[in-house]
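Have a look at the structure below before the remarks.
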Amino acid sequence: MVEAPHDSGFGPGDLVVGVVRRPDPEPCGACAHGEFDMCRNGRYRERGIKGLDGYGAELWCLETGYAVRIDADLGLAGVLMEPTSVVAKA
Ligand SMILES: [Zn+2]
């Protein structure tokens, strides 16, 4: 992370990955309760996949609530966190 809001709990040098999915604009019951990974109406959005720019850039911005801290010991292997979470869910 290059920079972060002072009250975010993150700071320069932290390793983070971004959550891909976002709730649908008119949330279904699952999205309304923060469980947008279980969206019932299919109108969710996903960065780089469905309706939103992805993370395939040298620098990108991320809402704090969609940032997940990665243990520094993982280093670059931390990029595997999101696909690993998909496998774990399955
Ligand atoms: Zn939904």
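Just so it is clear, the structure is predicted and the values come from calculations on it, not from any experiment.
- For the pair Val2 and Leu59, the minimum side-chain heavy-atom distance is below 4.5 Å.
- The shortest side-chain heavy-atom distance between Val68 and Val19 falls under the 4.5 Å cut-off.
- For the pair Arg47 and Gly54, the tightest heavy-atom approach, listed with the atom from each and the gap, is NH2-O, 3.4 Å.
- A donor-acceptor pair is defined here as one N or O able to donate and one able to accept, closer than 3.5 Å; no such pair exists between the side chain of Arg22 and the backbone of Arg45.
- With sequence neighbours excluded, no residue satisfies side-chain hydrogen bond (donor to acceptor under 3.5 Å, both in side chains) with Glu35.
- Here the shortest heavy-atom pairing between Cys31 and Pro27 reads CB-CB, 3.6 Å.
- A heavy-atom distance below 4.5 Å is not found between the side chains of Val17 and Glu82.
- Residues Val20 and Tyr55 have side chains in contact (heavy-atom distance under 4.5 Å, counting atoms from C-beta outward).
- In this structure, Leu62 is a member of the same hydrophobic cluster as Ile49, with clusters built from ILVMFWY side-chain heavy atoms closer than 4.5 Å.
- Cys61 contributes atom SG, which lies 11.0 Å from atom CG of Asp53 (distance to the nearest 0.5 angstrom).
- In this structure a side-chain-to-backbone donor-acceptor pair under 3.5 Å is missing from Ser8 to Ala4.
- One N or O on the side chain of Arg69 and one on the backbone of Gly9 form a donor-acceptor pair closer than 3.5 Å.
- Screening residues 6-45 for ring pair (Phe, Tyr, Trp, His ring centres under 6.0 Å), with sequence neighbours left out, gives Phe36-Tyr66.
- The local environment of CD in Glu63 is crowded, with over 12 non-hydrogen atoms from other residues, nucleotides or ligands closer than 6.0 Å.
- When side chains are defined from C-beta on, Glu46 does not count as touching Leu52, because their heavy atoms never get closer than 4.5 Å.
- In the displayed structure, Met1 atom CE is contacted under 6.0 Å by more than 12 heavy atoms of other residues, nucleotides or ligands.
- Atom CG of Asp7 is surrounded by more than 12 heavy atoms from other residues, nucleotides or ligands within 6.0 Å.
- Residues Val16 and Ile70 have side chains not in contact (no heavy-atom distance under 4.5 Å, counting atoms from C-beta outward).
- Lys50 contributes no side-chain N or O that, together with a main-chain N or O of Arg21, makes up a donor-acceptor pair within less than 3.5 Å.
- Across every non-hydrogen atom of Leu15 and Asp71, the tightest pair is CD1-O, 4.3 Å.
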